[in-house]
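Beneath this line is the structure, given in structure tokens, with notes to follow.
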Protein chains: 2
Amino acid sequence: MDDIARVRQFNRTVTERIGALDDGYLSRGRPLGQSRLLWEIGAAGDRGAQLRDLRERLELDSGYLSRQLRALEADDLVRVEASPGDSRVRVARLTPAGVAERAELDRSSDALVGGILDPLTERQRERLLAAMDEVGRLMTASAVEVRCVDPADPSARTSVAAYFAELASRFDIGFDPARTRPTPDDEFREPNGTFLVAFLHGEPVGCVGLKLHGDEPAEVKRLWVASSTRGLGLGARLLREVEAAAVALGVGVVRLDTNRTLTEAIAMYRSHGYVEIPDFNGEPYADFWFEKRLG
Amino acid sequence: MDDIARVRQFNRTVTERIGALDDGYLSRGRPLGQSRLLWEIGAAGDRGAQLRDLRERLELDSGYLSRQLRALEADDLVRVEASPGDSRVRVARLTPAGVAERAELDRSSDALVGGILDPLTERQRERLLAAMDEVGRLMTASAVEVRCVDPADPSARTSVAAYFAELASRFDIGFDPARTRPTPDDEFREPNGTFLVAFLHGEPVGCVGLKLHGDEPAEVKRLWVASSTRGLGLGARLLREVEAAAVALGVGVVRLDTNRTLTEAIAMYRSHGYVEIPDFNGEPYADFWFEKRLG
DNA sequence: GCAGTTCTCTGACTAGAGTCAGAGATATGG
DNA sequence: CCATATCTCTGACTCTAGTCAGAGAACTGC
């Protein structure tokens with residue numbers, strides 16, 4: 001059976017069994033959309049959910065959301081009030097009856113999950129859960145999109161800020177961005193370089209910069225992966241993509257520096273064909289320097 | 001994270017990514033239901049699909065199906081004709097345009113699957129596919145339902161017939177049901193015994209019989225698993241369930257006989273606590289006899 | 001304080017999915 | 001051949017989901 005047929009087969013089996021999980025919501029005699037909304041509002045807890053957040057998260061039309069909320073209010077499950085700060089914004093909260101109803105939804109969904117797990121032996125269950133984790137992880141990995149982005153773009157800014165914060169927490173000597181060798185935005189822009197950001201559901205979850213040095217080897221910098229997406233092979237993917245971008249810009253050799261506390265990164269560089277070289281840039285926070293010949 | 005949360009997490013990730021596969025059908029500007037129907041009719045090939053089969057397989061209302069077909073006929077994708085044998089029954093076939101359209105649907109669905117697989121490395125892809133196979137297999141296993149059934153029920157009859165056919169093809173000396181020790185239906189009925197059938201999507205895919213012998217050990221017979229559902233642990237499950245049924249009927253010890261060519265079965269008996277004993281029943285086709293003390 | 005923007009709501013739609021009752025044609029068992 | 005069952009079709013519905021335009025209140029920057 002070829003790859004595509006295997007995915008299709010998976011699709012059939014899974015939608016049939018997992019689709020039943022939605023029935024748990026339907027079984028409470030409420031349209032699916034309203035149940036989902038109820039669940040989502042409850043997830044926000046006591047401080048309530050702002051309507052605009054709900055709209056964005058569930059991708060609902062504003063008129064549609066409004067009507068759904070009205071229906072839930074009519075059943076006394078939800079109360080919608082103006083936000084204290086900005087009274088254009090409205091906030092939805094569950095009533096006690098709504099909280100109870102949501103708990104009930106949870107219970108019937110749990111029961112359906114139980115219907116999948118219960119017929120299995122302990123060992124089968126463990127294997128199923130492990131395989132589910134693997135599928136989830138790899139499908140998430142494949143949902144990540146890497147795009148070339150201007151270094152002044154908000155997504156690049158937040159990525160670099162997160163990168164610096166990460167360094168500050170990992171380096172045994174702390175990290176002060178002012179002490180590192182500065183890289184103006186322009187050096188990460190073509191034709192001087194490039195900057196890639198990885199997005200998952202529209203949120204930046206990783207980045208990498210490339211800085212050209214004329215005929216000298218180019219430099220890979222700011223390689224960062226959000227802690228929420230570790231273990232998806234995203235670091236390696238960013239490295240591959242930045243190398244491809246370098247090749248496209250006519251680069252033959254890339255270099256980078258790294259700190260001794262970033263052990264996974266060091267291992268990754270080594271396993272991707274990077275070889276250690278002497279200090280080439282005098283970066284104060286670096287302990288190791290690597291180089292790779294491309295193509 | 002507990003088991004249920006893991007399943008939920010899987011559900012979220014998978015429905016989001018896999019749900020996109022349905023969009024491939026929608027993208028052809030036709031309602032999803034009609035595309036699915038088109039696909040299903042095409043799967044039946046040249047001899048066409050009987051409407052009643054389609055109705056059952058897709059669980060459609062007869063009026064609804066009729067209308068959908070009319071729409072497909074209007075687009076000249078499908079032709080519906082009376083069945084030659086029984087002209088109440090009607091048969092749907094794809095026109096050449098329908099065949100082309102179905103191929104197009106396949107292609108756009110392939111492209112979406114590619115969108116999941118392509119961003120991954122070769123190794124990740126292999127791990128994803130293997131995990132998908134595992135999830136599919138175990139979810140199928142958990143969808144199997146084992147029920148106590150009357151031995152004269154059609155599901156029991158077809159199971160036993162398949163069991164005999166299997167023996168005939170596996171035994172090196174062939175198998176003639178007339179030569180084996182006969183077991184009248186009544187001996188598989190309470191209070192003389194019981195008969196369990198495993199169902200998957202309503203179809204029998206396995207069975208096992210239990211025959212009491214008063215104070216003597218009870219006998220497990222007709223343990224069969226359809227070749228389509230091998231590797232799901234269904235044999236072990238039937239064995240567990242028949243043992244539980246035996247205990248419920250007050251049985252303390254069960255026995256069974258088997259043929260030397262059924263090596264997986266023999267291995268399974270051993271690993272489930274069965275110990276070899278001398279011939280206890282003189283069954284002509286048996287080479288090994290086993291016993292297990294229950295509870 | 002005014003122009004423009006943001007946020008929510010209402011009203012008026014469309015489309016797909018599915019249900020139900022009953023009619024009409026065709027087979028089957030006695 | 002007649003009563004009964006099977007199969008498909010039509011007409012008349014309902015519900016959910018979702019879209020679009022525009023009104024009105026509240027905020028923001030100048």
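FYI, side chains are in, hydrogens and waters are out, and symmetry mates aren't considered; it's all heavy atoms of this structure. So you know, we letter chains A, B, ... as the sequences are listed, proteins then strands, and number each from 1.
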Which nucleotide wins on minimum distance to the side chain of [X], given the candidates [options]?
X: Arg90(B); options: dA17(D), dT8(D), dC7(C); result: dT8(D)
X: Arg52(A); options: dC7(D), dA17(D), dT6(C); result: dT6(C)
X: Arg67(B); options: dA12(D), dA17(C), dA17(D); result: dA12(D)
X: Pro31(A); options: dT8(D), dC20(C), dT16(D); result: dT16(D)

Determine whether any donor atom in the side chain of Arg88(A) lies under 3.5 Å from an acceptor atom in the base of dT6(C), or the reverse, and answer yes or no. yes
Donor-acceptor pair under 3.5 Å, Ser62(B) side chain vs dC9(D) base: yes
At 4.0 Å (heavy atoms only), tell me whether Gly33(B) reaches a base, stays on the sugar-phosphate, or touches nothing.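 Contact class for Gly33(B): sugar-phosphate only.
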Contact class for Arg55(B) (heavy atom, under 4.0 Å): base, sugar-phosphate, or nothing?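 Sugar-phosphate only.
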Would you call Asp61(B) and Arg67(B) a salt bridge, taking side-chain N to carboxylate O under 4.0 Å as the test? no
Does a nitrogen or oxygen in the side chain of Ser87(B) sit under 4.0 Å from OP1 or OP2 of dA25(C)?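 Ser87(B) to dA25(C) OP1/OP2: no side-chain N or O under 4.0 Å.
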Does a side-chain N or O of Arg70(A) approach OP1 or OP2 of dT10(C) to a distance below 4.0 Å, or not?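 The answer is yes; a side-chain N or O of Arg70(A) sits under 4.0 Å from OP1 or OP2.
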By nearest-nucleotide position on DNA chain D, the 5'-leaning member of Asp86(A) and Gly63(B) is Gly63(B)
Between Leu60(A) and Ser83(A), which is nearer to the 5' end of DNA chain D once each is assigned its nearest nucleotide? Leu60(A)
Any cation-pi pair here, Arg222(A) with Phe195(A), using under 6.0 Å and within 45°? no
